[in-house]
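Beneath this line is the structure, given in structure tokens, with notes to follow.
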Amino acid sequence: MTKHIPPMAFCGLLCDQCPVYIATKTGDDILKAKLAQDYSSGTCIFSPEDMHCTGCRAPTGANPKMCEPCFIRSCGLKRGMEHCGQCDDYPCQWIGQFVPADSDHRRRLDALHEIPFSK
């Protein structure tokens with residue numbers, strides 16, 4: 001019997017814990033506006049419309065500001081993986097750089113990496 005894994009980004013982030021994913025799924029425009037303000041910085045300004053996510057494994061509809069520049073997402077899509085823990089090269093330089101070793105995301109990927117994956 002396999003354990004059900006909720007929708008998950010390549011990096012191990014559980015989609016149902018991501019505020020942008022939640023705001024998209026619930027259509028919460030107030031949350032989208034708050035997230036846009038919270039996520040904006042001097043180098044990148046987000047609008048409420050930018051706060052749209054259907055999951056990073058979605059082949060179309062990638063958010064140009066948040067998803068398209070993600071090296072982890074690009075690699076996972078290219079390799080056809082469900083998550084980085086399935087990769088023979090795990091953990092790679094991108095995981096090492098962007099997913100802290102002591103994070104829940106990394107522990108999740110580490111555990112999934114131990115499960116045999118048939119390609």
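Values reported hereafter were calculated over all heavy atoms of this structure, with side chains retained and with hydrogens, waters and symmetry mates removed.
With values rounded to the nearest 0.5 angstrom, Cys11 atom SG is found 5.5 Å from Ile72 atom CD1. The CG atom of Asp89 lies 7.5 Å from the SG atom of Cys75; values are rounded to the nearest 0.5 Å. Atom CG of Leu112 and atom CE of Met8 lie 5.0 Å apart (nearest 0.5 Å). Leu35 CG to Ser47 OG: the interatomic distance, rounded to the nearest 0.5 Å, is 12.0 Å. Atoms OH and CD1, on Tyr90 and Ile95 in that order, are 6.0 Å from each other to the nearest 0.5 Å. Rounded to the nearest 0.5 Å, atoms SG (Cys56) and CG (Leu77) are 7.0 Å apart.
Using a cut-off of 4.0 Å between Lys/Arg side-chain N and Asp/Glu carboxylate O, Arg107 and Asp110 are scored as not salt-bridged.
Thr43 pairs by the side-chain hydrogen bond (donor to acceptor under 3.5 Å, both in side chains) definition with Ser41, not counting sequence neighbours. Applying the salt bridge (Lys or Arg N to Asp or Glu O under 4.0 Å) test to Asp29 and every residue at least two apart in sequence or in another chain returns nothing. Checked against ring-ring contact (aromatic ring centres under 6.0 Å, His included), Phe98 has no partners two or more places apart in sequence or in another chain.
Side-chain atoms of Ser103 do not come within 3.5 Å of backbone N or O of Val99 as any donor-acceptor pair.
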Any chance you could lay out the side chain to side chain contact (heavy atoms under 4.5 Å, CB included) test for Asp16 and Lys25, step after step, and finish with the verdict? CA-CA 9 Å; Asp16 63 359; Lys25 290 296 184 186; over 6 Å; no
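Scanning all heavy atoms of the two residues, the minimum distance from Ala9 to Cys15 falls at N-SG, 4.0 Å. The minimum heavy-atom distance between Arg106 and Pro91, with the atom names listed, is NH2-CB, 3.7 Å. The minimum heavy-atom distance between Ala33 and Pro48, with the atom names listed, is CA-CG, 3.8 Å. Shortest non-hydrogen contact noted between Cys53 and Val20 is CB-CG1, 3.8 Å. Across all their heavy atoms, Leu31 and Ala23 have their closest contact at CD2-CB, 3.7 Å.
Pairs of residues two or more places apart, or lying in two chains, that qualify as salt bridge (charged side-chain N to carboxylate O under 4.0 Å, His left out) and include a residue from residues 41-56 are Asp50-Lys65. The salt bridge (charged side-chain N to carboxylate O under 4.0 Å, His left out) analysis of residues 32-48, with sequence neighbours excluded, yields the pairs Lys34-Asp38. For the ring-ring contact (aromatic ring centres under 6.0 Å, His included) condition, no pair includes a residue of residues 7-50, sequence neighbours left out.
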